[in-house]
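Contents: one structure, followed by commentary.
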Amino acid sequence: MDSGKKTGLRPRPNLGSGGTFSDTALPKPAITRPSVMQAPVLVLNATFEPINVTAVRRALVLLLKGVAQAEETNHSEVHSTSKAIQVPSVIRLLSYRHIPQQSRALSRKNILLRDRNTCQFCGTSFPASELTLDHVLPRSRGGRSSWENLVASCYSCNNRKGDRTPEEAGLKLQRRPRPFTLHTSRQLMRLIGHRDEKWRKYLFY
Ligand SMILES: [Zn+2]
């Protein structure tokens with residue numbers, strides 16, 4: 001299938017952030033209730049494996065294009081000019097889509113998402129603006145910019161660490177940094193999905 005780009009279905013860094021879904025593909029006329037359109041929809045692969053969370057707005061596009069079918073709906077309907085459609089809660093792709101093991105770009109945003117906006121040294125949560133990225137093995141010592149060597153850090157811990165390793169600075173990593181994988185995505189999906197009963201059977205097994 002080649003429609004990944006157009007549908008934006010690959011895992012995206014907006015899991016859980018709400019309200020930032022891209023919606024460029026939807027034809028204008030359809031819908032009038034923005035809050036419903038932004039509600040999260042669980043996206044399953046053709047094999048029922050959960051692969052992403054998207055917004056109702058985009059899920060409807062996938063349904064209308066015939067790329068996906070609704071597996072669960074909630075009680076409301078949306079109306080386009082020609083028909084009423086039940087608002088989906090879970091949709092499933094009709095063709096299997098291969099999800100690469102490491103499908104997320106290495107970026108500040110994704111590192112913060114992986115680390116849940118939590119300083120990996122002191123374990124405190126911060127707004128994104130109060131976090132920086134720390135090279136666990138400092139760049140001056142050959143540390144690379146990679147998923148395994150970059151962590152979210154508050155400025156205080158970052159200053160304390162300076163040009164040293166965590167051990168040298170007396171700091172301890174909360175957990176070993178790993179690439180952002182489907183596993184990470186699924187944890188985030190569960191965080192979002194615990195609110196929606198209809199998601200449960202797909203996420204908790
Ligand atoms: Zn800290």
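Nothing fancy with the numbering, it's 1 onward along the sequence. Order of listing sets the numbers, starting from 1, for every ligand and every atom in it.
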Take R141 and D163 through the salt bridge (Lys or Arg N to Asp or Glu O under 4.0 Å) test and state the conclusion after the steps. CA-CA 8 Å; R141 315 259 292 262; D163 237 6; over 6 Å; no
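Looking at every heavy atom in both residues, R108 comes nearest to T132 through NH1-CA, 4.0 Å.
Of the possible polar contacts, none joining the T47 side chain to the N45 backbone as a donor-acceptor pair under 3.5 Å is found. K161 contributes no side-chain N or O that, together with a main-chain N or O of P138, makes up a donor-acceptor pair within less than 3.5 Å. Distance alone, capped at 3.5 Å, places no donor-acceptor pair between the R139 side chain and the R144 backbone.
Around the Zn ion (ligand 1), protein N, O or S atoms at less than 2.8 Å number 4.
Judged by distance alone, the side chains of Y202 and E72 do bring a donor and an acceptor atom under 3.5 Å apart.
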